[in-house]
Amino acid sequence: VPLVSASQLHHADDALSLVNHANDVDDPILRGMKILERQINNPATWPIGRYGAMAHSKRAEHYLREGILQSVNPVGKGTIDLVLTNNVGVEVKYNTAKYVIAHANRLANQLTKFGDLNLNQIVVEFVQTNHNPVTEIVLTELRQQLAANQVDLSNIVFRIIDIPGISLSK
């Protein structure tokens, strides 16, 4: 496999192939994809963590195909999952509705920290689970809890994403 930079990649399969064959990965996309690959393939990773890493990887592949992925798990960008070329941060969540509501304070803290990243927008993508998935009703309740926690929601967008083949059955 000839080594090219991630900016020259046109398809997510190219990135995954390159990750598998690269020895020294300094590219911000490939470095992050390699981290996700190790997490997915690590037998010590709990199933929910594996599904979360798979969802994160699939969303990175989606944005790579769109030609707008700048980095995956970027160093120096807090804990944001993805940064797109238009300076938009994407946080991928793989949680049940019950977990999202019960831990809204954690998301509030995370979103507040993201404010320091000087991104144009934060997109929080909730990947659907089979059991107790996040719905628009849940997102309405979440927005209310975040507002009550003084989180500035003016540049935050919430999306519900379905990724076939990634689902937590229980």
Side-chain angles (χ1 to χ4, degrees), residues 1-42 45 48-95 100 107 110-130 133-136 139 142-143 146 151-168:
V1 174
L3 292 182
V4 295
S5 73
S7 62
Q8 296 172 300
L9 299 175
H10 300 289
H11 192 274
D13 291 339
D14 298 335
L16 293 176
S17 175
L18 184 55
V19 165
N20 290 332
H21 294 91
N23 293 325
D24 181 24
V25 180
D26 289 330
D27 186 281
I29 294 173
L30 300 177
R31 184 192 59 74
M33 293 298 283
K34 195 164 193 135
I35 291 168
L36 290 172
E37 181 184 35
R38 281 194 303 263
Q39 187 176 2
I40 292 166
N41 293 325
N42 184 345
T45 301
I48 188 71
R50 183 171 291 109
Y51 286 120
M54 289 169 59
H56 185 163
S57 178
K58 291 290 186 185
R59 295 309 293 160
E61 291 173 15
H62 165 78
Y63 290 114
L64 181 62
R65 276 193 290 286
E66 295 287 317
I68 59 173
L69 183 63
Q70 180 178 322
S71 59
V72 178
N73 295 329
V75 174
K77 287 286 187 183
T79 59
I80 194 89
D81 290 338
L82 309 169
V83 176
L84 308 181
T85 55
N86 55 357
N87 203 35
V88 169
V90 178
E91 181 66 17
V92 180
K93 298 291 185 190
Y94 186 80
N95 303 118
V100 168
L107 183 58
Q110 192 175 28
L111 292 173
T112 300
K113 289 177 185 175
F114 290 163
D116 297 337
L117 301 178
N118 296 316
L119 295 166
N120 294 335
Q121 186 178 61
I122 304 293
V123 177
V124 182
E125 296 183 339
F126 291 96
V127 176
Q128 292 293 273
T129 59
N130 281 344
V134 173
T135 63
E136 289 297 332
L139 290 182
L142 177 62
R143 284 184 191 94
L146 294 173
V151 175
D152 178 8
L153 298 173
S154 62
N155 73 334
I156 299 172
V157 174
F158 297 100
R159 293 185 188 148
I160 297 172
I161 304 292
D162 185 37
I163 302 177
I166 298 179
S167 60
L168 183 63

A side-chain contact here means heavy atoms from C-beta on lying under 4.5 Å apart; do [X] and [Y] qualify?
| X | Y | value |
| --- | --- | --- |
| Phe158 | Leu146 | yes |
| Asp162 | Gln128 | yes |
| Val123 | Gln121 | yes |
| Leu69 | Thr85 | no |
| Ile80 | Leu82 | no |
| Leu153 | Val151 | yes |
| Thr45 | Ile40 | no |
| Leu119 | Val88 | no |

Which distance, rounded to the nearest 0.5 Å, do you find between the [atom1] of [X] and the [atom2] of [Y]?
| X | Y | atom1 | atom2 | result |
| --- | --- | --- | --- | --- |
| His56 | Ile163 | NE2 | CD1 | 11.0 Å |
| Phe126 | Ile160 | CZ | CD1 | 8.5 Å |
| Thr135 | Leu142 | OG1 | CG | 10.5 Å |
| Leu117 | Asn87 | CG | CG | 9.5 Å |
| Ile161 | His62 | CD1 | NE2 | 7.0 Å |

- Item | Contacts of type side-chain hydrogen bond (donor to acceptor under 3.5 Å, both in side chains), residue Gln39, not counting sequence neighbours |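 Gln39 satisfies side-chain hydrogen bond (donor to acceptor under 3.5 Å, both in side chains) with no other residue.
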
- Item | Residues in side-chain hydrogen bond (donor to acceptor under 3.5 Å, both in side chains) contact with Asp152, at least two apart in sequence or another chain |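 Expected list: Ser154.
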
Keeping [X] on the side-chain end and [Y] on the backbone end, is there a donor-acceptor pair under 3.5 Å?
| X | Y | value |
| --- | --- | --- |
| Arg31 | Ser71 | no |
| Asn41 | Glu37 | yes |
| Asp81 | Val72 | no |

- Query: With sequence neighbours excluded, what pairs up with Arg159 under the salt bridge (Lys or Arg N to Asp or Glu O under 4.0 Å) test?
  - Reply: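 Expected list: Glu125.
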
- Can the positive tip of Arg59 be found less than 6.0 Å from the middle of the six-membered ring of Tyr63, inside 45° of the ring normal?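 Arg59 over Tyr63 ring: yes.
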
- Item | Distance-minimising heavy-atom pair for Tyr94 and Ala55 |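 What the structure gives for the nearest pair is CD1-CB, 4.4 Å.
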
- Can you name the nearest heavy-atom pair linking Pro74 to Val83, along with the distance?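 Closest heavy-atom pair between Pro74 and Val83: CG-CG2, 3.7 Å.
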
- Does the pair Asn95 and Val134 meet the rule for a side chain to side chain contact (heavy atoms under 4.5 Å, CB included), with working shown? CA-CA 8 Å; Asn95 303 118; Val134 173; 5.6 Å; no

- Message: Tell me whether Lys93 is salt-bridged to Glu91, with the criterion being a basic N under 4.0 Å from an acidic carboxylate O.
- Response: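 A salt bridge is present here (some side-chain N lies under 4.0 Å from a carboxylate O).
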
- Walk me through it: do Ile156 and Val124 pass the test side chain to side chain contact (heavy atoms under 4.5 Å, CB included)? CA-CA 7 Å; Ile156 299 172; Val124 182; 4.3 Å; yes

